[in-house]
Amino acid sequence: QVRLVESGGGLVQAGGSLRLSCAASGSTFEINAMGWYRQAPGKQRELVARIWSGGSTNYADSVKGRFTISTISRDNGKMTVALQMNSLKPEDTAVYYCNAPRRGCDPDYDYWGQGTQVTVSS
């Protein structure tokens, strides 16, 4: 089992910045990437950014150039990634969920954090 614990989030004005962190512990050898999804009211959950164990990254088109995902630390079976969000827009308002796909498994078996609210005021 892998436990994902998120921190960060909150309320910020448009144009501001926030940083989210996600710490993974437990059987981290099971996962080969970590990332963030978000879900706004009435909308489907969408991938925001992901970083793979080899260092490659993926971003949603809507956040490219504004958000950066990075690995903060990786040792002793623990991994921490951060999502730096700059030039935030009201449409970035959502609950952000940390996600970790299980190596070789269907996405139904992904690990998820509890979610953290990001609110961007206009």
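A quick note: this is a predicted structure, and the numbers were derived from the prediction, not measured.
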- Query: A100: what forms a side chain to side chain contact (heavy atoms under 4.5 Å, CB included) with it, not counting sequence neighbours?
  - Reply: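 If we apply the side chain to side chain contact (heavy atoms under 4.5 Å, CB included) test to A100, skipping adjacent residues, the hits are L4, I31, M34, Y111.
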
- Query: Under the side chain to side chain contact (heavy atoms under 4.5 Å, CB included) test, which residues partner D108, sequence neighbours left out?
  - Reply: D106

- Message: Applying a strict under-4.5 Å side-chain criterion to I, L, V, M, F, W and Y, I'd like to know whether V95 and V48 cluster together.
- Response: no

Of all residues at least two apart in sequence or in a different chain, which pass the side-chain hydrogen bond (donor to acceptor under 3.5 Å, both in side chains) check with [X]?
X    : result
K64  : D61
D92  : R38, R66
T119 : Q117

Find out whether [X] and [Y] are in side-chain contact, i.e. whether some heavy atom of one side chain is under 4.5 Å from a heavy atom of the other.
X    : Y    : value
V118 : T93  : no
C98  : W112 : no
V81  : I72  : no
R50  : W36  : no

- Message: Would you compute the distance between atom OG1 of T71 and atom CD1 of I51 and round it to the nearest 0.5 angstrom?
- Response: 3.5 Å

- List, by chain and number, the other hydrophobic cluster members for V5, where Ile, Leu, Val, Met, Phe, Trp and Tyr join if side-chain heavy atoms come within less than 4.5 Å, directly or indirectly.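 Via sub-4.5 Å side-chain contacts, V5 links to none.
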
- When clusters are formed from ILVMFWY side-chain contacts under 4.5 Å, directly or step by step, what else is grouped with W52?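 Other cluster members: none.
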
- With sequence neighbours excluded, residues passing salt bridge (Lys or Arg N to Asp or Glu O under 4.0 Å) with K89: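 Counting only residues at least two positions away or on another chain, K89 forms no salt bridge (Lys or Arg N to Asp or Glu O under 4.0 Å).
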
- Query: For Q114, does the CD atom have more than 12 heavy-atom neighbours from other residues, nucleotides or ligands under 6.0 Å away?
  - Reply: yes

- Has R103 got more than 12 heavy atoms of other residues, nucleotides or ligands less than 6.0 Å from its CZ?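 Result for CZ/R103: enclosed.
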
- Message: Strictly by salt bridge (Lys or Arg N to Asp or Glu O under 4.0 Å), give each pair with a member in residues 111-122 just once, sequence neighbours left out.
- Response: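 As it turns out, there is no salt bridge (Lys or Arg N to Asp or Glu O under 4.0 Å) pair with a partner in residues 111-122 once direct neighbours are skipped.
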
- Query: Tell me, which pairs form a salt bridge (Lys or Arg N to Asp or Glu O under 4.0 Å) where one or both residues lie in residues 20-35, sequence neighbours left out?
  - Reply: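 Sorted pair list: E30-R102.
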
- Task: Scan residues 64-106 for pairs that pass ring-ring contact (aromatic ring centres under 6.0 Å, His included), counting only residues two or more places apart or in two chains.
- Result: none

Show me, pair by pair, the donor-acceptor contacts under 3.5 angstrom made by side chains of residues 8-29, not counting sequence neighbours?
{"residue": "S17", "atom": "OG", "partner": "N86", "partner atom": "OD1", "Å": "2.9"}
{"residue": "S27", "atom": "OG", "partner": "Q1", "partner atom": "N", "Å": "3.4"}
{"residue": "T28", "atom": "OG1", "partner": "G77", "partner atom": "O", "Å": "2.8"}

- Please report the C-alpha distance between I69 and Y59 in whole Å, then the side-chain angles of each, then the deciding distance to 0.1 Å, and finally whether the side-chain contact (heavy atoms from CB on, under 4.5 Å) criterion is met. CA-CA 9 Å; I69 189 169; Y59 293 95; 3.5 Å; yes

